[in-house]
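Since the model is a prediction, treat every value here as computed from it, not as a measurement.
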Amino acid sequence: MLFFYSISIGNLEKSQVGFFTVIAFNGVSYFFSKEIGVKDVNFEISQDEFAFLIGPTGSGKTTIMRLIYMDLMPDEGFVTVGGISSNKIKKRKIPMVRRKIGMVFQDYHLLSDRNIFENVALPLHMVGIRRDEVRERVMNMLNELNIEEKEKKKPFELSGGEQQRVCIARALVKEPEVILADEPTGNLDPVAAHDLIKLLENVNNEGTAVFMVSHNYNLIKNRGHRILEIQMGEIQNQ
Amino acid sequence: MLFFYSISIGNLEKSQVGFFTVIAFNGVSYFFSKEIGVKDVNFEISQDEFAFLIGPTGSGKTTIMRLIYMDLMPDEGFVTVGGISSNKIKKRKIPMVRRKIGMVFQDYHLLSDRNIFENVALPLHMVGIRRDEVRERVMNMLNELNIEEKEKKKPFELSGGEQQRVCIARALVKEPEVILADEPTGNLDPVAAHDLIKLLENVNNEGTAVFMVSHNYNLIKNRGHRILEIQMGEIQNQ
Amino acid sequence: MIDKISFLLIEGFRNLWRHKLTASTSIFSVFLTLFLIGILIIVGQNSHYPIEYFRSKYKIEVFFKKDTSDAQEKIIIEKIREFPEVRSVTPITKKDAVRIFKDQFGEDVVKMLGYNPLPGSAVVNINKDGFEQVNLEPLIEEIQSLNGVDIVRYQGRLISRLERFYQMMINLLKISTGVILLVSIVVISNTIKLTIYTCRELIKTLQLLGATKMFIKVPFILEGIFQSIIGASLAFFTIFGLMKAGNHYLPQLVTLRIQLDLYFGIGLLIISVVIGFIGSYRAVSKFL
Amino acid sequence: MIDKISFLLIEGFRNLWRHKLTASTSIFSVFLTLFLIGILIIVGQNSHYPIEYFRSKYKIEVFFKKDTSDAQEKIIIEKIREFPEVRSVTPITKKDAVRIFKDQFGEDVVKMLGYNPLPGSAVVNINKDGFEQVNLEPLIEEIQSLNGVDIVRYQGRLISRLERFYQMMINLLKISTGVILLVSIVVISNTIKLTIYTCRELIKTLQLLGATKMFIKVPFILEGIFQSIIGASLAFFTIFGLMKAGNHYLPQLVTLRIQLDLYFGIGLLIISVVIGFIGSYRAVSKFL
Ligand SMILES: Nc1ncnc2c1ncn2[C@@H]1O[C@H](COP(=O)(O)OP(=O)(O)OP(=O)(O)O)[C@@H](O)[C@H]1O
Ligand SMILES: Nc1ncnc2c1ncn2[C@@H]1O[C@H](COP(=O)(O)OP(=O)(O)OP(=O)(O)O)[C@@H](O)[C@H]1O
Ligand SMILES: [Mg+2]
Ligand SMILES: [Mg+2]
């Protein structure tokens, strides 16, 4: 398949797990039903890395993401996120893992009964941040993504690309340890997509790991970032 | 803006409205609020045309689509679809217009309480087609889009790209007069996206008009199809 | 057309399964409210037992004039028997009166006085049923006006109190049933409304795909009716079971018997279909 | 922490507005059911009026032995007065008896016989209230056993029937209130469940964003409680209004007075908070 090849730039050793590594997959398999799911996945993402995950539709990219934010639990092996392992975590501790992660969902998951500001502010309220600080951080984030004038709108009043950017704002605003973005440019025009990658690179430079799913090979090539390729649920030549 | 330019290949005359023209915009404006919406849109799509609509996010592409399937009614001007004019139609006749159109929605709009087969079969049941014929046509369509083995799954059990293809299957299965596709490749990998365009081109060759929104300029360029560009709610040099 | 109708019918059935949770909630509400209504109807059907008992205790004493002969008294008694409110008349002849006086006071009044000073009389018993409210005043007046009748005595105020009290209870019961029926319709229709509210996306999608109003409405309305029928059947069988059990264990002294017939079942069924139809029609119309 | 609590409180309030439609449905259900319960409670509070009326009609006739003197009779009457069930005693002396006999039969029994054959007696009136069920048998026996008392007569079977009937009505009312209360809780909790069911996507999203169970639950539970309180207040004011109107127009002959006090309001409030809490807690727990 012409479009997919991978560049490995990570030279991490196993010993670094838990200190430099923010996400680690250890022989992870998950099956929705036989043959469907992901199989024996092994990879690591270090604290300051920017990595892409690429693969055809239905190959298991979203499944990998869901394993990271522990929406799915591995059938075999274990996933470690920010030092917490999926085979040891108690169910009620899962929210703590998710708070370390900024997630951009493929299907947005915006709350339709709240406006844009409230949607983006939610992760901050969850950790009990003061109202005025919330306001400042949210507005900064909306500015950064050029959707500040949509502040008072409900999600359904926004275009596809605008909703996608709200979702990105919500992921970034809590200044997470790692950002997971599942196809965050699917509804963005090339300019906006390019701007988004730039933004994520800036965030990455400030020390946040970024792990992003994309189909748009043209957008991600030649940027010097690691590219993981997945096919039929298996990670290819890493 | 480097990415957007338009090629006009349609040489239609106004007199052809109603016979050769399947979609016509006549001085159409629609405003969600002041400044936001589309303004004085004029264009026509003829019976056998394949046209793209391209423009940055939030420029009004989905709004144009919604005006065509009469989810929105123009504040000024009128839209004519298959000979029926938005300024003359009675409200309860709108379903008849929609049945002529195969729609691929940007946000899919799949029915979450039905499986894939039932979702795709719905437009056929609406017009009262026999059960066995429904089965045959739906399965053919699912085969064409490589999702036949998902027949019994619910939408939430599918990957983003698979859902998008279900939505496309539902639009094509009723053999409409015109196909509207709003960003149908956003969640498809390059191979699947290319296959989809091929499929739409085949359908178009059999005499169905196709009007498709896309951000992926690389995918649509050099195909000899007409490209309409929209910026800030206004159609550019057509 | 046939294909479309059969599709819509099947859709209605399937929706029940698709919306298991919300459907079971509606069914449960229908069950509870119809159960309540059913119980009230049964109580209403049986409310005549206590009043009939009391009516069987109503007694009117008629005293004849002193100079009426036993034969004349008999004729008057026959006349009294003919009033529709009268169940039976027990004559107390002058002789009987002497015996009763002796029983009560221990003296033989005839022996002492040499003649019988006591008049003849009769005890009139009132019909227990067939009257919504027994108003004895006119009867009393008519008896009073008969030739040969001296005085008529009866527990006047007590009886009219009892009748009025009974009437109040019946009215209360009727009003309650009406109120609960109304409440049921509203609660059920609200529940169905919520059920349909959970499907508003679905309705929007159907509209966008070109479904006519009918095509969208019919499965929901059928679903609502099916839910109601299921709820009503559950209520019917529960009441039926309770009634069987009740007839076994109810204290015999209250003489409470439960009448439950086909009409009751059919009535519940019709109520449920009406409720289901109105409820789901109202509800689905809100989103179309 | 303060920021979080205030956020959750405000969220609870805002949810009311966000879920206008579903919230108003719940509020309406709460209103209807609590209204029903309120009416039942008031009926229960007033159910003693009819029985008190009937009790005021209960009469026990005590006949003294022929050889008891008027003075002895007085002593016995004093003794009878001391029983707690007794409201008052009307003495009928031997002389009174003669007068009554003359009124009834037109003969002066003393003149005819030369002596008074009639015994003294007394009419005992029974206390109307303070007793759940008046059982006269022991009282009768005690009076009977007093020295100087000959026979005691009373409307025995009628009274015990009335008392038993009354008891049955009270029990029915209690059971109905209980059943309706249960039905309310279930219906309301189901309605709230449906309200929350419409938010299942929202709950899923909150979970994915790292919200703890508490963070998700609290606003919903508060919303449920607010809904209930609003519904209860509406019910309270409606009942209050109806009561005012009722006291104006109720026929005076039924002597029906409505007692409504602070406790009633507080009771409704507590019931509503409990219902709201249980309902929304149960409901939200289903989706977590
Ligand atoms: N909940 C589910 N139940 C059953 N099968 C599922 C479920 N979710 C995903 N799958 C299947 O697992 C496979 C991988 O899905 P996944 O969503 O990970 O794909 P993806 O790589 O994200 O694709 P896309 O690019 O289209 O989003 C697909 O074949 C999909 O149909
Ligand atoms: N229901 C609505 N109410 C208010 N404003 C709306 C509504 N829908 C869309 N808009 C606004 O109208 C503008 C055009 O929206 P539209 O959805 O047509 O954009 P689009 O070209 O489809 O963008 P995208 O490529 O991101 O999907 C946007 O600014 C959007 O915020
Ligand atoms: Mg995916
Ligand atoms: Mg759009």
Practice problem: State the CG-NZ distance between A:N187 and B:K61, to the nearest 0.5 angstrom. | Solution: 8.5 Å
Quiz prompt | B:M232, CE: over 12 other non-hydrogen atoms inside 6.0 angstrom | solution = no
Quiz item: What distance do A:S33 atom OG and B:E157 atom CD have between them, rounded to the nearest 0.5 Å?
Solution: 8.5 Å
Quiz item: Quick one: what part of B:L158 sits under 4.5 Å from any heavy atom of chain A, side chain, backbone, both or neither?
Solution: neither
Quiz prompt | Enclosure of A:K39 NZ (heavy-atom neighbours >12, cutoff 6.0 Å) | solution = no
Quiz item: Just how far is it from atom CG of B:D107 to atom CG of A:D107, taken to the nearest 0.5 Å?
Solution: 11.0 Å
Practice problem: Tell me, for A:E162 versus chain B, whether the close heavy atoms (under 4.5 Å) come from the side chain, the backbone, both or neither. | Solution: both
Quiz item: With chain A, which of B:S159, B:G186, B:A193, B:G161 has the greatest number of heavy-atom pairs at distances under 4.5 Å?
Solution: B:G186
Quiz item: chain A heavy atoms under 4.5 Å from B:T57: which part of the residue, side chain, backbone, both or neither?
Solution: both
Exercise. To the nearest 0.5 Å, tell me how far B:Q163 CD sits from A:Q106 CD.
Key: 8.0 Å
Quiz item: In Å and rounded to the nearest 0.5 Å, what is the CG to NE2 distance from B:N216 to A:H215?
Solution: 11.5 Å
